[in-house]
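See below for the structure under consideration.
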Amino acid sequence: MKSPEPATTASLATTSGDATTSGDATGVDVAGVDASSGRAAGSAERAIAERNLCGLVGALAKQIEGHIRERAGALDLTAAQAVALRELTGPMTMRDLANRMSCEPSNATFVVDRLEEQGIVERRPHPGDRRAKQLVLTSEGVALRERLIDLLTEASPLARLTSDEQSALNDLLTRVVR
């Protein structure tokens with residue numbers, strides 16, 4: 001796949017939804033800055049590029065959330081239940097699940113309570129900490145998780161990328177987040 005050409009200031013403003021100016025969020029006309037203030041132009045271009053990237057990451061997050069919600073509904077799950085089920089890759093504590101779900105433990109507890117009522121998850125004593133419980137999928141939970149994973153990977157917004165592109169995106173995002 002051919003790499004995209006570097007975007008110009010004007011195209012960045014347009015793709016980020018700002019059709020009224022070719023400048024940064026303050027409306028400064030970056031194209032009109034002369035060479036003597038190149039630093040200001042470079043700073044403004046970086047600000048526009050960052051705004052554009054933030055918009056793209058946000059748009060991708062919305063697409064992924066919509067995809068999860070749609071696929072979860074096909075299995076009579078809420079989006080939060082689907083995320084919990086996706087993240088339950090093995091026995092783990094509620095705190096571990098909450099971290100993976102990017103939510104507070106109390107929110108994960110609410111979700112797990114519903115999954116437990118449905119016979120999808122069990123709470124078992126933690127083998128190394130008698131104060132803690134481990135979350136474990138039931139046999140029904142394992143089967144449901146497999147169906148969910150199949151649905152989530154089918155026509156995923158990220159499926160438009162090759163394996164190499166997904167790996168590169170993963171590496172870049174990991175660098176930014178950590």
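Both backbone and side-chain heavy atoms feed into the values below; hydrogens, waters and symmetry mates do not.
Looking only at distances, a side-chain donor or acceptor of Gln166 sits under 3.5 Å from a matching main-chain atom of Leu158. At distances below 3.5 Å, at least one donor-acceptor pair connects side-chain atoms of Thr174 with backbone N or O atoms of Asn170.
Between Val83 and Arg86, some side-chain heavy-atom pair lies under the 4.5 Å cut-off. Residues Leu115 and Leu137 are not in side-chain contact: their nearest non-hydrogen atoms beyond the backbone lie 4.5 Å or more apart.
For Ala108 against Cys103, the heavy-atom pair with the smallest separation is N-SG, 3.9 Å. Heavy atoms only, all atoms of each residue included: Ala84 and Met101 are closest at CB-SD, 3.7 Å.
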When the side chains of residues 63-76 are checked against the rest of the protein, which donor-acceptor pairs come out under 3.5 Å, sequence neighbours left out?
from: Gln63; atom 1: OE1; to: Arg160; atom 2: NH1; distance (Å): 3.4
from: His67; atom 1: NE2; to: Leu152; atom 2: O; distance (Å): 2.8
from: Arg71; atom 1: NH1; to: Leu151; atom 2: O; distance (Å): 3.3
from: Arg71; atom 1: NH1; to: Glu154; atom 2: OE2; distance (Å): 3.1
from: Arg71; atom 1: NH2; to: Glu154; atom 2: O; distance (Å): 3.4

Counting only pairs under 3.5 Å, give me each side-chain donor-acceptor contact of residues 89-96, with atom names and distances, residues two or more places apart or in other chains.
from: Thr89; atom 1: OG1; to: Arg100; atom 2: NH1; distance (Å): 2.9
from: Thr93; atom 1: OG1; to: Asp96; atom 2: N; distance (Å): 3.1
from: Thr93; atom 1: OG1; to: Asp96; atom 2: OD2; distance (Å): 3.2

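A continuous path of ILVMFWY side-chain contacts below 4.5 Å connects Leu161 to Leu60, so both sit in one hydrophobic cluster.
Considering CD of Glu50 and CG of Asn52, their distance stands at 11.0 Å, rounded to 0.5 Å.
Checking Ile149, Leu144, Val142 one by one against Leu85, the side chain to side chain contact (heavy atoms under 4.5 Å, CB included) holds for a single residue, Leu144. The only member of Leu97, Thr138, Val111, Leu88 that meets side chain to side chain contact (heavy atoms under 4.5 Å, CB included) when paired with Val121 is Leu88.
Ser106 and Glu104 share no donor-acceptor pair across their side chains, judged by distance under 3.5 Å alone.
Each side chain to side chain donor-acceptor pair (under 3.5 Å) pair with one or both residues in residues 119-133, not counting sequence neighbours, appears once here: Asp113-Arg123, Glu116-Arg123, Glu122-Arg124, Asp129-Arg131.
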